[in-house]
Trainee: 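My structure is below; once you've seen it, I'll send some questions.
Source: prediction; values computed, not measured.
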2 protein chains.
Amino acid sequence: MPQTTRSYHHGDLRVALVDAGLELARVGGVDAVGVREVTRQAGVSPASVYRHFDDHRALVVAVALAAQDRLAEAMVERIGTLVDEASALVDDAASLVDEIGSLLEEEGTSPDGATSSADALTSELAVARLRGVGLGYIDFALAEPGWFELALLTFDPRPGGGPAVMVDSEVPAPFLLLLDALDGCVAAGVLTPQQREHAEWPCWSAVHGFADIATRGPLVGQDPAALAALGRRVVEAIIAGLRA
Amino acid sequence: MPQTTRSYHHGDLRVALVDAGLELARVGGVDAVGVREVTRQAGVSPASVYRHFDDHRALVVAVALAAQDRLAEAMVERIGTLVDEASALVDDAASLVDEIGSLLEEEGTSPDGATSSADALTSELAVARLRGVGLGYIDFALAEPGWFELALLTFDPRPGGGPAVMVDSEVPAPFLLLLDALDGCVAAGVLTPQQREHAEWPCWSAVHGFADIATRGPLVGQDPAALAALGRRVVEAIIAGLRA
DNA sequence: GCGATATGTTCACAGTGTTCACATCGACTT
DNA sequence: AAGTCGATGTGAACACTGTGAACATATCGC
């Protein structure tokens with residue numbers, strides 16, 4: 001922060017506006033982030049927005065990008081806990097394998113069984129990561145529906161209703177997490193390269209669709225525990241569908 | 001229609017407004033159906049809306065219900081063609097089975113094979129119906145994105161941002177088509193009752209999610225043929241996931 | 001035929017995004 | 001060190017929106 005004195009100039013109005021928009025969107029969704037409302041929240045004049053953003057839409061996009069960052073953070077956190085749990089199981093199983101191996105050492109047992117079970121364990125880890133992507137996305141949507149609504153908007157690349165060209169320069173972070181997890185699955189042997197191809201779209205469709213249904217669709221207001229269980233069901237179903 | 005004369009009273013302004021809204025929404029989406037714009041289209045004064053609808057939102061909901069009907073129509077049409085194709089295959093296969101059966105009649109062949117293959121054929125029919133539900137939904141979304149955006153809105157049951165109670169009185173027709181198709185699958189032995197339980201949500205999530213992604217998401221503007229292929233992939237993946 | 005009622009209109013108001021001329025500050029030049 | 005200039009915030013205005021109240025007119029029941 002360059003200065004804390006309240007002068008005519010604000011110091012860093014742009015981020016202040018985005019923060020205000022974030023706060024408003026958290027409870028009111030995308031409709032709550034308007035030019036006048038945001039400037040009111042920031043204690044500034046409405047027209048000041050146009051010194052930092054071309055348009056109302058540009059302001060919304062900036063807020064949406066911030067919400068998207070929050071989504072990505074929540075996802076990596078969820079992935080971390082799920083992978084940690086899985087790797088704890090892996091460690092337990094590995095020590096168990098070692099124990100059994102040392103017990104059976106006197107006999108001439110082949111180490112093939114150990115390596116194949118190790119493969120199964122790394123597979124489990126890769127699947128846990130993929131699970132984390134989906135569940136992190138869903139949990140964020142349920143926990144912060146306003147931000148979630150915002151985070152979607154940026155995926156929409158039409159600037160003003162034009163011919164809608166695909167964005168290829170800047171892939172959103174949440175989507176990258178999914179791509180990486182899928183690549184990890186083929187590296188771990190969970191998915192064949194053929195199964196991997198375009199697999200991001202079935203995954204994203206199922207997870208995003210559930211989040212949308214639970215957030216603005218017929219499942220709105222349902223019991224959170226039931227929603228979480230349904231979300232797990234959706235994630236397991238689409239993962240099973242990919243491997244079939 | 002009570003009268004076609006153009007008098008001070010409009011005859012049936014309510015449906016005229018809904019039709020105008022439908023026409024506007026077709027190209028402009030939900031944002032295009034505003035009180036003033038709709039009345040302009042219908043050649044009538046803005047405040048006349050409030051003789052037929054409580055609110056701007058009520059007008060939008062009425063238009064959305066109409067769009068939902070179009071969606072249901074498109075789905076039953078798609079289901080019909082897919083089921084017809086499948087049943088043609090079924091007939092061909094059945095006649096083939098008969099032929100083979102009559103050829104093998106001289107030998108003492110057991111009819112078990114015929115009945116089990118007949119089972120497989122009815123299964124294929126049930127799956128074709130399920131496929132039709134998903135592909136009909138997706139095709140409609142791709143063909144009429146404006147109407148599709150509208151059709152979703154009605155699934156959102158909040159009247160004014162209240163505590164969002166679940167609608168149980170009037171289940172939308174498109175959703176009923178899915179439920180029936182799933183029940184048909186368990187009747188045909190494709191799905192066990194345990195697999196059937198809550199299966200509507202993974203299905204709806206995947207299909208709706210893909211439609212949303214292809215309509216307002218990162219796949220907007222992609223090659224229609226490629227989108228159709230991806231849609232088929234999504235439908236197959238989620239069906240496989242349910243049966244796994 | 002006549003009154004009651006349903007339906008459409010006009011006017012007004014609050015709120016929105018947006019623009020433009022103006023005010024003010026910080027920084028760079030000479 | 002003074003002065004200029006670009007960057008940033010302000011205030012008033014415009015066009016537009018949804019909405020309500022008072023008014024006008026056509027249709028229906030008696």
Trainee: Whether R233(A) and E236(A) form a salt bridge (side-chain N of Lys/Arg under 4.0 Å from carboxylate O of Asp/Glu) is what I want to check.
Mentor: no
Trainee: What nucleic acid atoms does R40(A) come within less than 4.0 Å of, heavy atoms only: base, sugar-phosphate, or nothing?
Mentor: sugar-phosphate
Trainee: Give the nucleotide from the list dG18(D), dA21(C), dG11(D) with an atom nearest to the side chain of R51(A).
Mentor: dA21(C)
Trainee: Do the two ring centres, one from F210(B) and one from Y137(B), sit under 6.0 Å apart?
Mentor: no
Trainee: If I take atom CZ in residue R14(B) and atom P in nucleotide dG8(C), what distance separates them, rounded to the nearest angstrom?
Mentor: 12 Å
Trainee: Can you tell me if W147(A) uses its side chain to pair, donor with acceptor, with the backbone of L22(A) under 3.5 Å?
Mentor: yes
Trainee: Nearest to the side chain of H52(B) - dG9(D), dG17(C), dG8(C)?
Mentor: dG8(C)
Trainee: Output the rounded distance in Å from CG (D54(B)) to C1' (dG18(D)).
Mentor: 14 Å
Trainee: To the nearest angstrom, how far is H56(B) atom NE2 from dT16(C) atom C1'?
Mentor: 14 Å
Trainee: Can you check whether G132(B)'s main-chain N or O pairs, donor with acceptor, with R78(B)'s side chain at less than 3.5 Å?
Mentor: no
Trainee: Check the pair R26(A), E144(A) against salt bridge (Lys or Arg N to Asp or Glu O under 4.0 Å), reporting the backbone distance first and the verdict last.
Mentor: CA-CA 7 Å; R26(A) 190 169 196 171; E144(A) 298 286 353; 2.7 Å; yes
Trainee: In whole Å, I'd like the distance from the CG atom of L17(A) to the C1' atom of dT8(D).
Mentor: 12 Å
Trainee: By nearest nucleotide on DNA chain C, pick out whichever of V33(A) and S48(B) is the more 5' one.
Mentor: S48(B)
Trainee: Which parts of residues 21-31 of chain B get close to DNA chain C, meaning a heavy atom less than 4.0 angstrom away?
Mentor: none
Trainee: Taking D223(B) for its side chain and A226(B) for its backbone only, find out whether a donor-acceptor pair lies under 3.5 Å.
Mentor: yes
Trainee: Need one value for V44(A): base, sugar-phosphate or nothing, where a base atom within 4.0 Å counts as base even if backbone is also close, heavy atoms only.
Mentor: sugar-phosphate
Trainee: Could you tell me the separation between the CG atom of D12(A) and the P atom of dT8(D), rounded to a whole number of Å?
Mentor: 10 Å
Trainee: Any donor-acceptor pair, under 3.5 Å, between the side chain of R36(A) and the base of dG17(C), if you only look at N and O atoms?
Mentor: yes
Trainee: Of all the choices, dT7(C), dT18(C), dT19(D), which nucleotide is nearest to the side chain of Y50(A) once you look at every atom?
Mentor: dT18(C)
Trainee: CG of L59(A) versus C1' of dT18(C): gap in Å, rounded?
Mentor: 13 Å
Trainee: What's the closest nucleotide to the A47(A) side chain, out of dT10(D), dG17(C), dT9(C)?
Mentor: dT10(D)
Trainee: Output the rounded distance in Å from CZ (R57(A)) to C1' (dT16(C)).
Mentor: 18 Å
Trainee: Counting only heavy atoms from other residues, nucleotides and ligands, does the tally under 6.0 Å from CG of D180(B) exceed 12?
Mentor: yes
Trainee: Whole-Å distance between dA7(D) C1' and L13(A) CG?
Mentor: 13 Å
